[in-house]
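What follows is a set of notes on a single structure, which appears directly below.
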Amino acid sequence: MSNYKADGEGLTQFFGALEAKIMNVLWNSKPLTIKEVQARLEPEKSVAFNTVMTVMNRLVEKGHLRKEVKARNGLFEPIQTKELFLEEQTKAVATGLIQEFGNIAVSQFVEAIEDIEPSLLEQLEKKLNEARERRQK
């Protein structure tokens with residue numbers, strides 16, 4: 001949870017702005033070179049090749065991307081799907097909040113669900129029942 005930014009929006013809660021854009025490009029395509037990612041970012045606002053290269057190499061170091069060299073070109077692809085990444089990150093955030101703030105966090109989750117999407121209460125109830133059943137076994 002150390003990289004989580006509550007004031008971010010979407011993927012920028014977990015990544016910097018350019019990192020999030022690069023991850024989205026790669027999640028929506030086959031493995032790409034730095035130049036291919038650079039071209040797909042924002043054609044109307046060019047980002048310098050060296051900037052894209054630096055950010056992509058840092059994403060490799062952080063364990064989000066894998067780099068494979070083929071024919072003198074580095075091909076980059078995400079280590080995991082966007083869905084799996086979001087599942088892991090949101091679980092880590094929720095777990096961290098519950099461990100740190102306990103009952104307050106649980107109350108706020110329920111209030112947020114009621115305010116944002118009341119139909120999610122049914123999902124929450126189902127998950128709670130499943131958890132209770134697992135504990136009883």
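What you see is a predicted model; the values in this text were computed from it and never measured.
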Can you hop from [X] to [Y] via hydrophobic side chains spaced under 4.5 Å?
{"X": "Met53", "Y": "Val25", "answer": "yes"}
{"X": "Ile113", "Y": "Val106", "answer": "no"}
{"X": "Leu26", "Y": "Phe85", "answer": "yes"}
{"X": "Leu41", "Y": "Met56", "answer": "yes"}
{"X": "Val69", "Y": "Ile34", "answer": "no"}

Any chance you could measure Ile79, atom CD1, to Leu84, atom CG, to the nearest 0.5 Å?
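Ile79 atom CD1 to Leu84 atom CG measures 11.5 Å (nearest 0.5 Å).
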Would you give the length of the straight line joining atom CD of Glu36 to atom CZ of Phe76, rounded to the nearest 0.5 angstrom?
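Separation between the atoms: 11.0 Å.
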Sequence neighbours excluded, which residues qualify as side-chain contact (heavy atoms from CB on, under 4.5 Å) partners of Lys82?
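Testing Lys82 for side-chain contact (heavy atoms from CB on, under 4.5 Å), a comparison that skips the adjacent residues, returns Leu11, Asn24, Trp27, Leu86.
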Would you check if [X] and [Y] make a side-chain contact, meaning some heavy-atom pair closer than 4.5 Å?
{"X": "Leu32", "Y": "Arg40", "value": "yes"}
{"X": "His64", "Y": "Phe15", "value": "yes"}
{"X": "Pro31", "Y": "Glu68", "value": "no"}
{"X": "Lys5", "Y": "Thr12", "value": "no"}
{"X": "Leu124", "Y": "Phe109", "value": "no"}

Given Glu77, which of Lys30, Lys70, Arg66 fulfils the salt bridge (Lys or Arg N to Asp or Glu O under 4.0 Å) condition?
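That would be Arg66.
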Give a yes or no on whether the backbone of Val47 and the side-chain of Gln38 come within a donor-acceptor separation of less than 3.5 Å.
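Judged by distance alone, yes, a pair lies under 3.5 Å.
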Is it the case that atom CD1 in Ile98 sees more than 12 heavy atoms from other parts of the structure closer than 6.0 Å?
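Count over threshold, so yes.
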Residue pairs, two or more places apart or on separate chains, that pass side-chain hydrogen bond (donor to acceptor under 3.5 Å, both in side chains) and touch residues 120-130:
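Applying side-chain hydrogen bond (donor to acceptor under 3.5 Å, both in side chains) to every pair that reaches into residues 120-130, excluding sequence neighbours, yields Asn129-Arg132.
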Can you pull out every side-chain hydrogen bond (donor to acceptor under 3.5 Å, both in side chains) where at least one residue sits in residues 50-63? Sequence neighbours excluded, please.
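Found Glu19-Lys62.
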Using 30° and 60° as the class boundaries, would you call the ring planes of Tyr4 and Phe14 parallel, tilted or perpendicular?
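Judged by the thresholds at 30° and 60°, the geometry between Tyr4 and Phe14 is tilted.
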For residues Gln13 and Gln89, is any side-chain donor paired with an opposing acceptor at under 3.5 Å?
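Side chains of Gln13 and Gln89: no pair found under 3.5 Å.
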Could you tell me which non-hydrogen atom of Lys67 sits nearest to which non-hydrogen atom of Gly74, and how far apart they are?
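Lys67 and Gly74 have their closest heavy atoms at CE-CA, 4.1 Å.
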